[in-house]
Each structure stands twice: as structure tokens, then as C-alpha cells.
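Below: one structure, written as C-alpha cells.
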Protein chains: 2
Amino acid sequence: MKSSSTLDVKMVNGLFAEFELVCRRIGLRLTHQRREIYRLLLNAGDHPSAETLYERLRQEMPTISLDTVYRNLHTMETHDLIARVPTGKSQARFEAKRGTHHHPMCSRCGEITDIQWEIFDNSELPDYASFWGQVTDKQATLTGVCKKCLQKK
Amino acid sequence: MKSSSTLDVKMVNGLFAEFELVCRRIGLRLTHQRREIYRLLLNAGDHPSAETLYERLRQEMPTISLDTVYRNLHTMETHDLIARVPTGKSQARFEAKRGTHHHPMCSRCGEITDIQWEIFDNSELPDYASFWGQVTDKQATLTGVCKKCLQKK
DNA sequence: TTGTCTGCAAAAACTTTGCACAAAT
DNA sequence: ATTTGTGCAAAGTTTTTGCAGACAA
């Protein structure tokens, strides 16, 4: 079984190179901060919040500021390099964009994972969708309790 | 085609009666404010935010406070009477709990609608789900542009 | 009467913005 | 040289909390 956290180095490098190309194409400067924010997000398997990302970035770049993190997340989202995970929570969670996947979320610990679901990906939208408008993306959110939390009691 | 905004009076009354039963069973008092918050949410087809709900409530109950709205939304969510819609936005959106349904969201105007999708409801979870943990709910989020916004240009 | 709930006020949590200097192209 | 990005500080949004009096049971 291939979990999406097993993302090999080659693929990550490829996505990172693509990120740099996109930045150059649209005139975004490749600052040290921007690169690191994207790199961490690309390697993170846990859909971190801005605050979490900030704490991690400070390990290697102690002078980075939280507002730079927010500003960059916003810019990258605008250019479709990253995405927010749809959750019901007030704190946003982010991921670098890759192939289609879905999100199991633990209602106890808040963990968000990636999951593949090809049958869903290949399924037709309900008829009503075309009446509603033009759908460009569909994704599933699974809610429940993760294995770690189940074992805690 | 049956849109979920066409929810007949009988069904709404039934759900409201059930709400009162649940409150009594678990010892929640049926205050004027609590009833109205639930009633408005039950009749709202648009998954309002706390703020939006507050504005509507003030029309009929000018002295209600925003923190009462928040407190009640929290309490009702805890008791599974209402739910938050998974969005990527920082402002939470709410709905009264009813049957299974899914959410098309307009990326232009922020509109959130309900949609039925029985094929999805009846489909099996991917194998990996049982490895992840115990899934209690699955729901689909469709992203796109609603018909009204498409017509605006 | 008893314990919960409300409104008010204040605070906390999360995110955005203006500005002057720094860095990227 | 030019223009965008950063860090700092301040402000804006959204949500939560403490408390004294009000209300439901």
C-alpha cells in the first residue's frame, strides 16, 4: 500500500523545480523565506497551520516573522501552488499542491492525513451539479478517530 | 428534482420537536435564544456564519448578543444538533444536522449549497481508511463557480 | 429554589496591513 | 536601478471567557 507520506525524493525535487519555474514565470522573487516555506510544506505530511509552519521555520531561520509566513501562504495560494484544507476549524491548515487526494481528519487530535481514493476520483458528479454551476474540483473529507487516538482508550 | 432548500414544513417541525427532546434529555434549557438560533439555522438554506446568524436574530430579538450565538453554536455542535461545514475559510459556517448531503461552494461569492449524491453515499471507503482509523462520516466538497456568478461575466 | 444561560465587557486566537529598509532581478 | 519582499509594529477579524444578574425547570 502506498501512503502519500512516502513521497520519494525525486518527486519532491521535481515539484520544487516546478515551483521555481512558476515563480520566475509570474515574477515572484525566490527569496530564502519563500523557498523554505514552500520546501517545508512540500515535505510536511501533516498539513500544518501557519503557526506550526512558523515554529518549524524558526529552527533553521530564527529571524523569520509570522507575517511573512502568512503573506507567502496567501501569495502561493493565489497562484495555486498550495491549498487550504477544507476543515470546519477556525485555524487554516495548508498543503503543497500535488495530485488529487482526500483527507481523513481525526476529531480527537486534529490530525489530517492524505488518502487516495480513485473510485471517487473517477466517479461522475451528481446531475444537479451542472445545474448549480461549474465545478472545478471535488474532494472528500472523512471524519473519525485515528488509530493512535483509538488506542489511547 | 428535489433541492434540499425545498424542505417542507412538516419535516422542519419534526426536526424542531426532536431538537427540543434532545435538549430536555441532556438537560439543556430551552431558552428563547436557543430555540431561535436553532430554528433559524434549520430554516436557513445558506449555511450562515455566526455573524450572519446574529444579524438575522437581531431582527426579531434585538437584545441577543453575539457571544450567546457563539456559545449556543458550540453547545449544539457538541451535542451533534448542528455541524460546521468544512471550508478552507477562517470564518466558520454552520448548518442544522439533517440527512447526508454534500456541499458545492462558490469560490467567487462564497455561497454554499446542499447537494444530494447517493452514489457517493453508497460507495465503499478506500481500503486505507480502516488502516487510518475509524471513519464515522464522509462528505464531499465541490469547488467551483455558481450559476449566478458565471452569468455575471 | 437550584443550577444553567444571558449580556456585557474584556481577552484570546488568528490573520492582515502600513511602513521603512533589505534583498532579488 | 528597480521593484518586490521582509520584519516590525499595529490593527483587524473571528472566537472564547469571567462574571453578576436573569431565566428555566
Open item on the list: Under the salt bridge (Lys or Arg N to Asp or Glu O under 4.0 Å) test against A:E77, which residue among A:R84, A:K97, A:R71 passes?
Closed with: A:R84

Task: Over 12 non-hydrogen atoms of neighbours within 6.0 angstrom of CD in B:Q134 - done: no

TODO: Check the distance between C:dC5's C1' and B:I37's CD1 and give it to me in whole angstrom.
DONE: 11 Å

Open item on the list: So, applying side-chain hydrogen bond (donor to acceptor under 3.5 Å, both in side chains) with B:H103, which one of B:T113, B:T87, B:D114, B:T141 is it?
Closed with: B:D114

TODO: Using whole Å, report how far NE2 of B:H79 lies from C1' of C:dC5.
DONE: 14 Å

Task: Spacing between B:K89 atom NZ and D:dT15 atom P, to the nearest angstrom - done: 13 Å

Task: Rounded distance (Å) that lies between atom P of D:dT15 and atom CD of B:E77 - done: 11 Å

Task: A:I26, CD1 atom: more than 12 neighbouring heavy atoms under 6.0 Å - done: yes

TODO: Nearest whole angstrom, please: distance from the C1' of D:dG5 to the CG of A:L57.
DONE: 15 Å

Open item on the list: Do A:C109 and A:K148 make a side-chain contact, defined as non-hydrogen atoms from C-beta onward lying under 4.5 Å apart?
Closed with: no

Open item on the list: I'd like to compare against my own output: the B/S/- annotation of nucleotides 8-18 of chain C with a strict under-4.0 Å heavy-atom distance to protein.
Closed with: BB----SBBBB

Open item on the list: So which atom in B:L81 and which in B:F19 form the shortest heavy-atom distance, rounded to 0.1 Å?
Closed with: CD1-CD1, 3.9 Å

- [ ] Scan nucleotides 20-25 of chain D nucleotide by nucleotide, 5' to 3', and note B when protein non-hydrogen atoms come under 4.0 Å of the base, S if they reach only the sugar-phosphate, - if neither.
- [x] ----BS

Open item on the list: I'd like to know whether the aromatic ring centres of B:F120 and B:H102 sit less than 6.0 Å apart in this structure.
Closed with: yes

Task: Between C1' of C:dA24 and CG of A:N72, the distance in whole Å - done: 14 Å

Open item on the list: Measure CD/A:E36 against P/D:dG7 and give the value in whole Å, please.
Closed with: 12 Å

Task: B:E60 atom CD, neighbour heavy-atom count above 12 within 6.0 Å - done: yes

TODO: Figure out the CZ/C1' separation between A:R34 and C:dA22, and round it to whole Å.
DONE: 14 Å

Task: Greater than 12 external heavy atoms within 6.0 Å of A:I119's CD1 - done: no

